[in-house]
Amino acid sequence: MNFSERMYLPAIFQGLTITMRHFFKKKATISYPEQTRPMSAVWRGLHVLKRDEKGRERCTACGLCAVACPAEAITMVAGERKRGEEGLYREEKYAVSYEINMLRCIFCGLCEEACPKAAIFLQNDKTAPARYERDEFIYGKDRLVEPMPATGNNQ
Amino acid sequence: MESTVFLVKALIILAVFGVTLLIATYSTYAERKVAAFIQDRIGPNRAGPLGLFQPLADAVKLFFKEEFVPANANKFLFILGPSLSMLTACMASAVIPFGGSILIDGQYINVQAIEVNIGILYIFGVVALGVYGIMIGGWASNNKFSLLGAIRAASQNISYELAMGMSIIALLLVTSTLSLGEMARQQGEPLFGISGMNWNIFYQPLGFLIFIICAFAETNRVPFDLPECETELIGGYHTEYSSMGMGLYLFAEYVNIFVASAVMATLYFGGYNFPFMYDMGLPHNIVTLLGTVALFGKIFFFIFFFMWVRWTLPRFRYDQLMNLGWKILIPLSIANVIVTAAIILFKQEYFQ
């Protein structure tokens with residue numbers, strides 16, 4: 001090392017200018033609850049079971065999503081639609097219970113591709129948030145089915 | 001002493017003490033903000049507007065922690081350590097002139113808690129005592145890592161105090177006084193026709209460089225924070241401390257930074273003097289007020305510089321620290337004394 005290098009002062013000054021540049025740089029942090037990171041349009045988040053235009057559940061409990069699921073996260077129980085329930089379920093067969101284990105799910109979207117009735121979708125604006133108990137990660141129909149639209153002729 | 005003078009003096013002493021503690025408190029907040037900004041983060045912003053209540057939250061958190069004393073520790077010394085550290089840190093700001101003089105009833109009262117004519121010696125004595133706080137705390141913990149940290153602190157402070165003292169001697173040759181108030185007054189004289197610009201930094205640049213390096217070592221700040229080196233010594237001398245014992249050690253460090261910044265501003269950067277201070281024709285008390293503001297501006301810059309360096313440089317290795325202290329800084333400071341003395345003698349012989 002030559003004399004100016006052994007004095008270290010030029011190197012220290014160089015380091016100080018680097019940190020000073022960072023001091024005035026735009027910050028990378030996102031203040032999470034107030035700001036959220038913009039998600040990609042094809043980002044796969046929490047599942048939803050869709051209703052059709054008349055507010056009837058589209059799912060017919062065929063089980064193709066459960067077969068397609070590589071993580072085996074989906075279980076369902078099929079049931080037959082009773083008379084008078086035509087406004088609730090679109091097909092004669094429907095899912096009595098439909099559960100997705102969010103700890104097993106890998107959010108690959110194969111269930112969405114397998115579904116012949118366009119019933120299950122992965123939303124791009126919702127996530128499965130952290131919870132305290134493991135059983136709270138098993139999402140049933142109460143948390144998966146799209147809520148009834150406020151207006152429309154679904155009676 | 002007259003009652004007005006006594007009252008004003010008492011107020012100044014209270015203000016100096018309060019301001020010292022307040023600035024040390026908010027230095028912790030500033031440190032975290034500066035660290036965050038340098039690392040492209042935002043820093044604490046949840047407690048109060050812009051996170052301004054963060055120091056209070058930290059204090060509350062520390063108070064509610066268990067005050068733990070290890071079974072084999074010397075209980076008396078274990079508690080004495082942080083107390084002594086804090087005491088010596090707070091004592092040092094007493095002799096720093098925080099402004100010119102206030103004119104009340106035709107009397108000039110200096111804005112300085114205690115006017116002693118050996119101010120710089122007093123500061124050196126008190127700052128040197130500060131190492132006892134660390135040494136006692138580290139020894140009383142009865143823990144190898146604490147003891148190693150304390151020994152490092154002691155040897156580091158002694159090594160760097162020598163170079164620091166030498167750089168001060170060169171400064172004393174220039175100012176020919178030991179009183180901080182007198183030094184600040186001298187720096188208010190005109191230089192090249194600009195009043196308030198006769199700063200010692202123009203006469204002692206090398207001395208200032210040595211002084212600032214030693215100030216970093218004396219306050220145990222990065223790159224000289226070997227006494228609390230986490231990677232080797234867990235936490236150094238405060239490994240066994242919790243709650244406010246720990247809090248006092250950390251707080252004393254920030255008080256020390258404030259005092260070191262104030263001393264550097266007073267000794268080398270003109271103290272409360274600022275350019276054109278007597279040329280603007282302002283009333284005496286206004287000039288004093290502006291001077292105090294200027295001094296605090298300089299102090300804040302130095303505090304910021306301490307933090308800026310902390311988040312830029314890595315820590316020294318122990319042998320590098322000792323090499324720098326004994327083989328570079330001490331010879332350099334002695335050379336500085338000799339050259340300064342020679343120039344002064346030369347001027348007296350041929351230019352008087």
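These numbers come from a predicted model, not from an experiment. Each chain gets a letter, A, B and so on, in the order its sequence line appears, and its residues count up from 1.
Neither the backbone nor the side chain of A:Ile18 comes within contact range of chain B; no heavy atom of the residue lies under 4.5 Å from a heavy atom of that chain. Neither the backbone nor the side chain of B:Ile328 comes within less than 4.5 Å of any heavy atom in chain A. For B:Leu313, the part lying near chain A is the side chain, with the backbone staying farther off; criterion is any non-hydrogen pair under 4.5 Å.
The pair B:Glu31-B:Arg221 counts as a salt bridge, with a side-chain nitrogen and a carboxylate oxygen less than 4.0 angstrom apart. A salt bridge does not link A:Glu91 to A:Arg58: none of the charged nitrogens lies less than 4.0 Å from a carboxylate oxygen. Salt bridge status for B:Arg46 with A:Glu34: present, with a side-chain N to carboxylate O gap under 4.0 Å.
Applying the side chain to side chain donor-acceptor pair (under 3.5 Å) test to every pair with at least one member in residues 9-23 of chain A, sequence neighbours left out, gives these pairs: A:Thr19-B:Trp308, A:Thr19-B:Thr312, A:His22-B:Asp40.
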